[in-house]
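Each remark here refers to the structure printed beneath this line.
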Amino acid sequence: MLMSKALFDQMPEKDVVAFNAMIDGFVKSENIGSGRELFDEMPERNIVSWTTLIDGYCKIGDLAGARTLFDAMPAKNLVSWNAIIGGYCQNKQPNEALKLFREMQSNSSFQPDDVTIVSVLPAIADLGAVAFGGWVQKYVRRKKLDRASNVCTALIDMFAKCGEVEKAKQFFDSVPDRETSCWNAMINGFAVNGHAKEALEVFMEMLQEGVKPNEVTIIGVLSACNHGGLVEEAQKWFKAMGDYGISPRIDHYGCMVDILGRAGRLEEAEELIRSMPYEANGIILSSFLFACGRHGDVEKAERVVKKAFEIEPWNDGNYVIMRNLYAKERRWRNVEEIEGLMRRNKARKEVGCSSIEIGSDVWEFVAGDRGHPHWKLMNWVMEQLQLHMKGDDDPLLA
DNA sequence: TTAGGGTTAG
């Protein structure tokens, strides 16, 4: 980067393209400040200069900065719309993303392309806005965007994350040339919806068709086994990874620790943590602690808890597990110790948040937010949903 | 000769 800046400074005549390339260089090396400075020094700017900088602000999570530029730019094109919409999607502001997606269609001459679709689908999944997702699917078909593999993958993923596995499978079956990522989305889609058997069936079909699995595939397979309590099946595929040229990453070990732990096979889980070629991270330790909590094993919990607190002092779950383990054994001094540590480290529960699609609107609800205008109605909806899940009559469909 | 994108455990 220093080298290219030196070269850039020596250029006798710098054109817009040179400036843009330099700004992009700064943005990609996470030096947005220098990029911004150069942008201010430019004698003339084009759409690319603005969009490069907007993307830079999105990548560092400064959506306000990105939005200010986006609103200020004298002319926009599809790429600049995609940059800001994608920015909101990736920074988990799905409502704002979809607002802009709609605005682009009503207030500009640009129509969503494959990039727009692929960035907006995860936002739809985040909100569980399946009706909107269905509209996107029709749009994709109409515009023949379903030839792109990443569009198909994103659609399968969206349906599955909205809980519509059948729709995901139906669409998956209609895709002619399925890349590894399509299979991954389907396997994982079944897994997250608790359909272990179906996930493994799709995986077998994938192998039979000669499609090469990758590390993401195995995460999906292990996740399916975890949901189905299939410990041996998980071990089998974990060991077989090498046969497919995949070396286990730390998150594969994490899955195995979680699977073994949930099954109460704490000794094996602990041994796996000890023997794996990675330093244990916070996720693995808290998953192991969770298993110790579930199976009432204070000793094993004590062996890792110090490190877990060290890595994730803010993780309230770890304190709660430890506190409860001690409380069960009436070790009140230890209970107090944990509670004191929790206060000192300022660990506290994050608030839960959910959303629901009603007609064409998406409402977000934060747990305990009684000031929400639709709080009473939401409570009623939750009651109806509970009845629905218990299998009683279904007033929602009445 | 420059800008935007999909699948990943709890």
Side-chain angles (χ1 to χ4, degrees), chain A residues 8 14-25 27-28 35 39 42 45-56 58-59 66 69-70 73 76-90 110 112-123 125 145 148-158 160-161 168 172 178-189 191-192 213-227 234 238 248-259 261-262 281-291 294 315 317:
Chain A
F8 176 80
K14 302 172 183 98
D15 61 358
V16 204
V17 176
F19 266 101
N20 291 347
M22 199 63 225
I23 293 172
D24 193 48
V27 161
K28 297 244 151 63
F39 179 80
M42 287 176 82
R45 299 163 181 145
N46 62 15
I47 297 190
V48 179
S49 338
W50 288 86
T51 308
T52 306
L53 207 54
I54 288 169
D55 181 51
C58 290
K59 293 275 149 69
L69 284 169
F70 180 76
M73 67 193 293
K76 308 177 199 336
N77 63 13
L78 185 55
V79 179
S80 27
W81 278 97
N82 285 347
I84 190 78
I85 291 172
Y88 280 113
C89 296
Q90 279 138 37
F110 305 108
D113 68 353
D114 54 335
V115 177
T116 327
I117 297 302
V118 150
S119 29
V120 110
L121 280 171
L145 297 174
S149 174
N150 52 356
V151 171
C152 296
T153 300
L155 266 173
I156 295 162
D157 180 63
M158 179 276 298
K161 286 199 175 128
F172 173 79
R178 292 174 294 215
E179 276 184 14
T180 298
S181 64
C182 281
W183 292 89
N184 293 352
M186 195 63 247
I187 292 167
N188 193 58
V192 295
N214 63 17
E215 39 276 283
V216 182
T217 318
I218 307 299
I219 294 285
V221 169
L222 295 180
S223 159
C225 294
N226 202 0
H227 285 282
F238 182 70
R249 293 185 320 211
I250 188 161
D251 35 354
H252 294 103
Y253 280 96
C255 286
M256 285 312 299
V257 169
D258 203 61
I259 292 166
R262 260 171 221 275
N281 61 21
I283 298 163
I284 290 179
L285 294 181
S286 59
S287 144
F288 181 70
L289 271 179
F290 176 78
R294 284 295 293 270
N315 188 336

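Chain identifiers are assigned alphabetically (A, B, ...) following the order of the sequence lines, protein sequences preceding nucleic acid strands; residue numbering begins at 1 within each chain. Quick caveat, the model's predicted, so the values are computed rather than measured.
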* **Validation row: A/I259, A/M256 side chains within 4.5 angstrom (heavy atoms)** => yes
* Asked: Of A/I84, A/T51, A/I85, which meets side-chain contact (heavy atoms from CB on, under 4.5 Å) against A/F70?
  -> A/I84
* Establish, with yes or no, whether the OP1 or OP2 oxygen of B/dT2 is under 4.0 angstrom from a side-chain nitrogen or oxygen of A/K14. => no
* **Between B/dG5 (C1') and A/Q90 (CD): distance, integer Å** => 8 Å
* Answer with base, sugar-phosphate or nothing: what part of the nucleic acid does A/S287 contact at a heavy-atom distance below 4.0 Å? => nothing
* Structure fact -> Of B/dG10, B/dG5, B/dT8, the nucleotide closest to the side chain of A/V118 is B/dG5
* Base B/dA3 paired with A/N77 side chain (donor-acceptor, <3.5 Å) -> yes
* Asked: Counting distance only, does the side-chain N/O of A/D251 pair as donor-acceptor with the main-chain N or O of A/G254 below 3.5 Å?
  -> no
* Asked: Base, sugar-phosphate alone, or nothing: which one does A/G86 contact when heavy atoms must sit under 4.0 Å apart?
  -> nothing
* To do: Quick one: label A/D24 by what it contacts on the DNA or RNA (base, sugar-phosphate, nothing), any heavy atom closer than 4.0 Å.
  => sugar-phosphate
* Asked: If you look at every strand shown and take non-hydrogen atoms under 4.0 Å, does A/S149 touch a base, only sugar-phosphate, or nothing?
  -> base
* Asked: What residues form a side-chain contact (heavy atoms from CB on, under 4.5 Å) with A/N150, not counting sequence neighbours?
  -> A/V118, A/A148
* What nucleotide among B/dA9, B/dG5, B/dA3 has an atom nearest to a side-chain atom of A/T51? -> B/dA3
* Interatomic distance, A/L222 CG vs B/dT8 P [rounded to whole Å] -> 14 Å
* Using atom CG of A/L285 as one end and atom P of B/dG10 as the other, report the distance to the nearest whole Å. => 17 Å
* Could you please name the option among B/dA3, B/dA9, B/dG5 that lies closest to any side-chain atom of A/V79? => B/dA3
* If you look at every strand shown and take non-hydrogen atoms under 4.0 Å, does A/I187 touch a base, only sugar-phosphate, or nothing? -> nothing
* Asked: Using a cut-off of 4.0 Å on non-hydrogen atoms, how would the nucleic acid contact of A/D15 be classed: base, sugar-phosphate, or nothing?
  -> nothing
* What's the closest nucleotide to the A/N184 side chain, out of B/dT7, B/dT2, B/dT8? -> B/dT7
* Asked: Looking for any heavy atom pair under 4.0 Å, which part of the strands does A/K28 touch: base, sugar-phosphate only, or nothing?
  -> sugar-phosphate
* Name the nucleic acid region contacted by A/L78, choosing base, sugar-phosphate or nothing; use a 4.0 angstrom heavy-atom cut-off, strictly under. => base
* Any donor-acceptor pair under 3.5 Å joining the side chain of A/N150 to the base of B/dG5? -> yes
* To do: Can you tell me the distance, in whole Å, between the CD atom of A/E215 and the P atom of B/dA9?
  => 14 Å
* Structure fact -> Rounded to whole Å, the CG-P distance (A/N46 to B/dT1) equals 15 Å
* To do: Mark yes or no for whether A/H227, through its side chain, and A/A224, through its backbone, hold a donor-acceptor pair below 3.5 Å.
  => no
* To do: For A/F290, check ring-ring contact (aromatic ring centres under 6.0 Å, His included) against everything at least two apart and list the hits.
  => none
* Rounded interatomic separation in angstrom, taking NE2 from A/H252 and C1' from B/dT7 -> 12 Å
* To do: Kindly say if A/N226 contacts the phosphate of B/dA9, meaning a side-chain N or O under 4.0 Å from OP1 or OP2.
  => no
* Examine B/dG10: is either OP1 or OP2 under 4.0 Å from a nitrogen or oxygen in the side chain of A/H227? Give yes or no. => yes
* Out of B/dT8, B/dG5, B/dA3, which nucleotide sits closest to the side chain of A/V216? -> B/dT8
* Structure fact -> Among the nucleotides B/dA3, B/dG10, B/dG5, whichever has the atom closest to the side chain of A/D258 is B/dG10
* To do: Please state how far atom CE in A/M256 lies from atom C1' in B/dG10, giving the value in whole angstrom units.
  => 15 Å
* If you check every side-chain atom of A/A185, which of B/dA3, B/dG5, B/dT7 has the closest atom? -> B/dT7
* Are A/R45 and A/F19 in a cation-pi contact, defined as NZ or CZ under 6.0 Å from the six-membered ring centre and within 45° of the axis? -> no
* Tell me which nucleotide among B/dG5, B/dT2, B/dA9 gets nearest to the side chain of A/D251. => B/dA9
* **Spacing between A/I156 atom CD1 and B/dT7 atom C1', to the nearest angstrom** => 9 Å
